[in-house]
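Inspection log for the structure reproduced underneath, given as structure tokens.
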Amino acid sequence: MSLLFCTRPARYLLLLAFASCAIQPELAVVDGPITIATWPFGRFANEQAMQAFADGRSRLDAVELGIREIERRSSDGSVGLGGRPNAAGYPQLDACIMDGPGHRAGSVAGLEGIVHPISVARLVMEKCRHVMLVGEGARWFALEHGVESVDVSIYEPQKADWQRGRRPQDPDTRGHDTITLLVRDADGHLAGGCSTSGAGGKVPGRVGDSPILGAGLYVDEEVGAAGGTGIGENIMRHCGTYLIVELMRQGMNPQAACEEAIHRMAAKDPRGYDLSVSFIALDKRGRVGAASSSQSFPFAVATSAGNQVLSVEKVTPR
Ligand code: GLY
């Protein structure tokens, strides 16, 4: 599939060619902000991120506002407090944010009763000497900073049941769709973030790939950024996004790097291509790519020329 966006002739020309061939480097976006986000709901994140840029806000504002929109909507059922509950029946949320300049990052995992985990991840990055906070401590930190929260005492009956060994009859084990958003600002600087309730029916305390740097998200200001979605355990074991960024460093374009990472993971993994993982990537030049191991994968890309949902088919095993 190929798509043409062209609003400012010559300067803003982006030809995306997915699935069968690599993005044409000579036709990549060379100017202006660009954002790429996972899944069809990613277009709402892109919309907010591009609006932030239009309002003169920073790339971190763009990431935070874009992801907050999906946390607010909880429209896919697996981001934010309306997301998938764990096996005990209540949500525990993961998120992280990373900024290219300064290689800074912040991350939270197993966060309970906080409406916007991405904002807490950003607060960790900007206001805390650590990179990652989990569980109760992450919630205390969030509350200290006055973020929007709900009363977690409502989860007490489920926690008590779980501790007594009483398991819910039908835990919600449906799949989950993480929001991952990568941005490049008008000056060419990179940032990214992700947020999820994680796998439905996960064991309480389970942490997925999303808050783990190099697994669900990685940003390298010199090279590019990559983000993941899918079964976190399969992304974490292969440091998926770190691998993609390193492949881009070696000269691959984002599309080739996403595909190569999945081939390498499949070659090493007993599950082969049955990994249920998908990736997006954005390089320093504004080129984008996406690939998926075992299903077609829709994602959204926005430039000053428009905001569009695209899709790649699963990679062809080799
Ligand atoms: N990819 C999100 C998770 O597995 O938690």
Side-chain angles (χ1 to χ4, degrees), residues 36-42 45 63 67 70-71 74-98 105 107-112 114 116-118 120-121 132-135 138 171-182 192-219 225-244 258 261-262 265 269 271 273-281 290-295 297-299 314:
I36 176 170
T38 49
W39 304 111
F41 59 67
V63 170
I67 291 179
I70 311 305
E71 291 172 339
S74 277
S75 52
D76 73 314
S78 63
V79 178
L81 282 176
R84 302 267 188 270
N86 64 19
Y90 61 95
Q92 291 183 307
L93 308 178
D94 296 342
C96 79
I97 194 164
M98 190 161 188
S107 161
V108 287
L111 189 59
E112 294 177 13
I114 299 295
H116 292 296
I118 190 65
V120 187
M132 185 174 196
L133 297 178
V134 304
D172 181 354
T173 54
R174 283 175 296 159
H176 55 287
D177 299 337
T178 300
I179 177 66
T180 303
L181 171 65
L182 310 176
C194 50
S195 180
T196 188
S197 60
K202 65 188 180 185
V203 172
R206 177 263 193 187
V207 173
D209 61 306
S210 303
I212 307 294
L213 301 165
L217 178 75
Y218 195 65
V219 179
T229 178
I231 296 182
E233 283 73 7
N234 295 341
I235 297 176
M236 291 159 83
R237 289 182 298 107
H238 295 274
C239 297
T241 57
Y242 184 79
L243 174 58
I244 290 168
C258 288
I262 287 175
M265 291 162 71
D269 205 288
R271 293 171 181 78
Y273 286 86
D274 191 20
L275 293 167
S276 290
V277 300
S278 304
F279 295 105
I280 54 173
S292 185
S293 63
S294 27
Q295 60 179 41
F297 170 49
F299 59 100
K314 64 183 179 181

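Ligands are counted one by one from 1 in listed order, and the atoms in each one are counted from 1 as well. Just so you know, these numbers use all the heavy atoms, side chains as well, and skip hydrogens, waters and symmetry mates.
Side-chain atoms of S293 never come within 3.5 Å of backbone atoms of I262 as a donor-acceptor pair (strictly under, hydrogens ignored). Looking at D94, its side chain does come within 3.5 Å of a backbone N or O of G110 through a donor-acceptor pair. Side-chain atoms of S294 never come within 3.5 Å of backbone atoms of D274 as a donor-acceptor pair (strictly under, hydrogens ignored). For the pair T196 (side chain) and V79 (backbone), a donor-acceptor distance under 3.5 Å is absent. For Q295 (side chain) and S276 (main-chain N/O), no donor-acceptor pair under 3.5 Å exists by modelled atom type. Remark: side-chain polar atoms of S78 are not paired, donor with acceptor, to backbone N or O of G83 under 3.5 angstrom.
Taking distance alone, with nitrogen or oxygen atoms compared against 3.5 Å, G230 approaches ligand 1 more closely than that limit. Annotation: D209 places an N or O atom under 3.5 Å from an N or O atom of ligand 1; distance criterion only. In terms of polar-atom proximity, defined here as any N/O pair under 3.5 Å, I235 makes no such contact with ligand 1.
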**Asked** Given the rule in the side chain to side chain contact (heavy atoms under 4.5 Å, CB included) test, do L93 and L81 qualify, once you have shown the distances and angles that lead to the verdict?
**Response** CA-CA 8 Å; L93 308 178; L81 282 176; 3.9 Å; yes
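Of the heavy atoms in M236, none comes closer than 4.0 Å to ligand 1.
In the vicinity of S210, heavy-atom distances shorter than 4.0 Å reach the ligand 1 atoms 1 (N), 2 (C). Taking a cut-off of under 4.0 Å to the non-hydrogen atoms of A199, the atoms of ligand 1 that pass are 5 (O). Near G208, meaning under 4.0 Å from any of its heavy atoms, are these atoms of ligand 1: 5 (O). Atoms of ligand 1 found under 4.0 Å from any heavy atom of T178 (numbered from 1 in listed order, with element): 1 (N), 2 (C).
Heavy atoms of R206 approach ligand 1 to within less than 4.0 angstrom.
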